[in-house]
Amino acid sequence: MSEHYWKKLAERAAQVLAQPEPPTPNSVPSPCVSLCLMHPGAGWCDGCLRTLPEIGGWSRASDEEKRLVWSQIPERLLKRQATDR
C-alpha cells in the first residue's frame, strides 16, 4: 500500500471519531474501500484493516461497536505500515 492510501485511511478515521456521536442512528460509515484482501500475518483486511468477524458483523453492529472498530484503525494502521518497511 502507498503512503497516500494510508494517510487517507487515517484522515477518514479521524473524521469519524471527531464526531461526538453519529448524526443519525446507523450512520457510522464502513471503512470498506472495496479492496478485500486479508493480510495473512496481521489478520486484517488490507483495505479497511478490519478482522473477518468485524467485517461479517458490521451490518448488525451498533453505532458504538462501529466506532470502537474505527478507534482501533489508527493503531492497526501504524502496525501495518511498520510491516511494509
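Residue numbers count from 1 along this sequence. Small disclaimer: the values here were computed from a predicted structure and weren't measured.
Here the shortest heavy-atom pairing between Ile73 and Cys48 reads CD1-O, 3.6 Å.
Judged by distance alone, with hydrogens and angles left aside, the side-chain atoms of Asp46 form no donor-acceptor pair with the main-chain N or O of Met38 at under 3.5 Å. Proximity of a side-chain donor or acceptor of Trp70 to a complementary backbone N or O of Pro29 within less than 3.5 Å is detected. Here the side chain of Arg80 pairs no donor or acceptor atom with the backbone of Trp44 at under 3.5 angstrom.
A 6.0 Å sphere centred on CD of Gln19 holds more than 12 heavy atoms belonging to other residues, nucleotides or ligands.
Linking Ile, Leu, Val, Met, Phe, Trp and Tyr whenever their side-chain heavy atoms come within less than 4.5 Å puts Leu35 and Trp6 in one cluster. No path of Ile, Leu, Val, Met, Phe, Trp and Tyr side chains, each step under 4.5 Å between heavy atoms, connects Ile55 with Val16, placing them in separate hydrophobic clusters.
A heavy-atom distance below 4.5 Å is found between the side chains of Ser71 and Leu17. A 4.5 Å side-chain heavy-atom check between Leu49 and Gln72 finds every atom pair outside the cut-off.
Take Arg76 and apply the salt bridge (Lys or Arg N to Asp or Glu O under 4.0 Å) test, not counting sequence neighbours, and it matches Glu54.
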- Query: Does the pair Cys32 and Arg50 meet the rule for a side-chain contact (heavy atoms from CB on, under 4.5 Å), with working shown?
  - Reply: CA-CA 9 Å; Cys32 181; Arg50 291 181 293 169; 3.6 Å; yes
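Partner of Leu77 under the side-chain contact (heavy atoms from CB on, under 4.5 Å) criterion, out of Lys79, Glu75, Gln81: Gln81 alone.
One finds no salt bridge joining Arg67 and Glu64 here, because no Lys/Arg side-chain nitrogen approaches an Asp/Glu carboxylate oxygen to under 4.0 Å.
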